[in-house]
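A quick write-up on the structure given underneath.
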Amino acid sequence: TSEETETAGDSEQAKRTEYPVTITTYDGDGSEIETTYEKAPKKVRAVYQGSIETLLALGLEDHIVAAAGLDNEVPDEMKAAFSELNYLDEFTPSLETATMLEPDMIFSWGSIFADDRLGAAADWIDKGVNTYINTNTRPAGDGDGYERTLEHEYTDILNMGIIFDVQDKAEAIVEEMKNTVSTVLEETASIEEKPTVMIVEFLGDTISNYGAKSLGGDMVTQLGGILANPDASSIGQEDLIVANPDVIFVVYMPYSGDDPETVKNEKLNMILENEAYQSLDAVQNGRVVPIMISEMYASAT
């Protein structure tokens, strides 16, 4: 029948992972390493927002032995699955905790494989524990570092699809993300003057600027915005005033025990309550916007 023919066609088109499969990722120093999977991991330790949400979006909650490091609640559609996870009290689990969990895979940011955290990723691989870092958190190593892009986010999701044999789900998520970008571009195509944008983070006396090589910067340009200061990694107060962007995103990150609203308002007020910034167009027009770091740094899905 036509129904049987359609079912057979769907089966033939479904992509399946043929194990063993080898995936390229990175170590804590930014160097490439290869990991080989004989089967889909069953005891994954997922640390930080993007890692956790990627696995939940792919329906892999049963493969997570422990999760940690959320700086924001997971989306509503993931809360039921998240409630079943073993969520740790430690924001960044220690080496001792990681060892006790006996994971077969660690999925996290590159910074977790520092000497004062979990040690080298290659050492875990030698012990039979595969690792995967969110590509946009690859440590800079020498030089100016690597470009952090939406394309890397797509790659990470697709790689998880291969590793866990859920390629169709991964491809559907990536396609939806790409369609969202296309829709925004189509709906704003008639706007002749594109908004200028800066993404800044106040860190003590330093103002970090998320420029063209950052994921946040790439998101701005991919969605049709213009980075007001694309090249600088850090700026001063005068630089922000001279740039005078139409929109300012202010990055904030609440840590374990912090009240997110308090942290958010403290960061916003670095601009909103500073007399030097009151003439900025973004302040005058109410376009100073908070953005949690998980939404523009290894943001995954």
Salt bridge between K15 and E171, side-chain N to carboxylate O under 4.0 Å? yes
Do the side chains of K178 and E175 get close enough for a salt bridge, i.e. N-O under 4.0 angstrom? no
Verify the distance criterion only: is there a donor paired with an acceptor across the side chains of D218 and T149 at less than 3.5 Å? no
Will you find, in the side chains of N72 and S294, an N or O donor that is under 3.5 Å from an N or O acceptor?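 Per modelled atom types, N72 and S294 side chains form no pair under 3.5 Å.
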Short question: side chain of [X], backbone of [Y] - any donor-acceptor pair under 3.5 Å?
X	Y	value
E295	M292	yes
K267	F202	yes
Q49	D71	yes
T97	P93	no
N209	A232	yes
R287	A282	no
T35	I23	yes
D239	G236	yes
D104	K42	yes
T188	I191	no

Validation row: [X], [Y] side chains within 4.5 angstrom (heavy atoms):
X	Y	answer
V200	I248	yes
P41	I163	yes
V65	E102	no
D246	V197	no
L70	F91	no
V44	I106	no
P290	L268	yes

For the [atom1] atom of [X] and the [atom2] atom of [Y], what is their distance to the nearest 0.5 Å?
X	Y	atom1	atom2	answer
M78	E73	CE	CD	13.0 Å
T54	N134	OG1	CG	6.5 Å
I64	L55	CD1	CG	4.5 Å
N136	M296	CG	CE	10.5 Å
E84	K79	CD	NZ	15.0 Å
I207	S233	CD1	OG	12.5 Å

Taking all non-hydrogen atoms of both residues into account, name the closest pair between [X] and [Y] and its distance.
X	Y	result
A46	I52	O-CG1, 3.8 Å
D281	P245	CB-O, 4.2 Å
L95	R117	CB-O, 3.7 Å
L85	E61	CD2-O, 3.6 Å
A81	L56	CB-CD2, 4.0 Å
Q222	V181	O-CG1, 3.7 Å

Steps toward side-chain hydrogen bond (donor to acceptor under 3.5 Å, both in side chains) verdict (T180, T183): CA-CA 5 Å; T180 298; T183 299; over 6 Å; no
Set of residues satisfying side chain to side chain donor-acceptor pair (under 3.5 Å) with respect to N130, sequence neighbours excluded: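 N130 satisfies side chain to side chain donor-acceptor pair (under 3.5 Å) with no other residue.
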Can you list the residues that meet the side chain to side chain donor-acceptor pair (under 3.5 Å) rule with D27, with sequence neighbours excluded?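 Applying side chain to side chain donor-acceptor pair (under 3.5 Å) to D27 gives none.
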Test log, rule side chain to side chain contact (heavy atoms under 4.5 Å, CB included), inputs E38 and Y19: CA-CA 5 Å; E38 301 292 337; Y19 300 101; 5.6 Å; no
Exactly one candidate in S51, S108, P139 meets side chain to side chain contact (heavy atoms under 4.5 Å, CB included) with I133; the answer is P139
Other than I33, which residues form its hydrophobic cluster under the rule that side-chain heavy atoms must be closer than 4.5 Å?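 I33 clusters with I125.
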May I have the step-by-step check of side-chain hydrogen bond (donor to acceptor under 3.5 Å, both in side chains) for Q284 and S279, ending in yes or no? CA-CA 7 Å; Q284 293 285 320; S279 64; over 6 Å; no
Y48 and its ring-ring contact (aromatic ring centres under 6.0 Å, His included) partner, picked from F107, Y297, W109: W109
Begin from the C-alpha positions of V247 and T196 and carry the test side chain to side chain contact (heavy atoms under 4.5 Å, CB included) through to its verdict. CA-CA 6 Å; V247 182; T196 57; over 6 Å; no
With side chain to side chain contact (heavy atoms under 4.5 Å, CB included) as the criterion, how do V220 and I199 come out once you've worked through the C-alpha distance, each side chain's angles and the decisive distance to 0.1 Å? CA-CA 9 Å; V220 167; I199 305 171; 3.9 Å; yes
Between K213 and Y146, is the side chain to side chain contact (heavy atoms under 4.5 Å, CB included) condition met? List the steps. CA-CA 7 Å; K213 288 188 174 182; Y146 314 105; over 6 Å; no
With a 6.0 Å cut-off (strictly less than), is the heavy-atom count around [atom1] of [X], excluding the residue itself, greater than 12?
X	atom1	answer
D115	CG	no
K194	NZ	yes
E176	CD	no

Tell me whether [Y] is reachable from [X] by hopping between hydrophobic residues (I, L, V, M, F, W, Y) whose side-chain heavy atoms are closer than 4.5 Å.
X	Y	value
I271	F249	no
Y252	M219	no
V289	L215	yes

Walk me through whether F113 and W124 qualify under ring-ring contact (aromatic ring centres under 6.0 Å, His included). CA-CA 10 Å; F113 295 108; W124 285 94; 7.6 Å; no
Applying the side-chain hydrogen bond (donor to acceptor under 3.5 Å, both in side chains) criterion to Y132, which one of T25, T24, N159 satisfies it?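 Testing each of T25, T24, N159 against Y132, the sole residue satisfying side-chain hydrogen bond (donor to acceptor under 3.5 Å, both in side chains) is N159.
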Under 30°, 30 to 60°, or over 60°: which ring-plane class applies to F164 and H63, parallel, tilted or perpendicular? perpendicular
Criterion salt bridge (charged side-chain N to carboxylate O under 4.0 Å, His left out) on R16 and D165, from CA distance to verdict: CA-CA 6 Å; R16 301 304 306 268; D165 194 18; 2.6 Å; yes
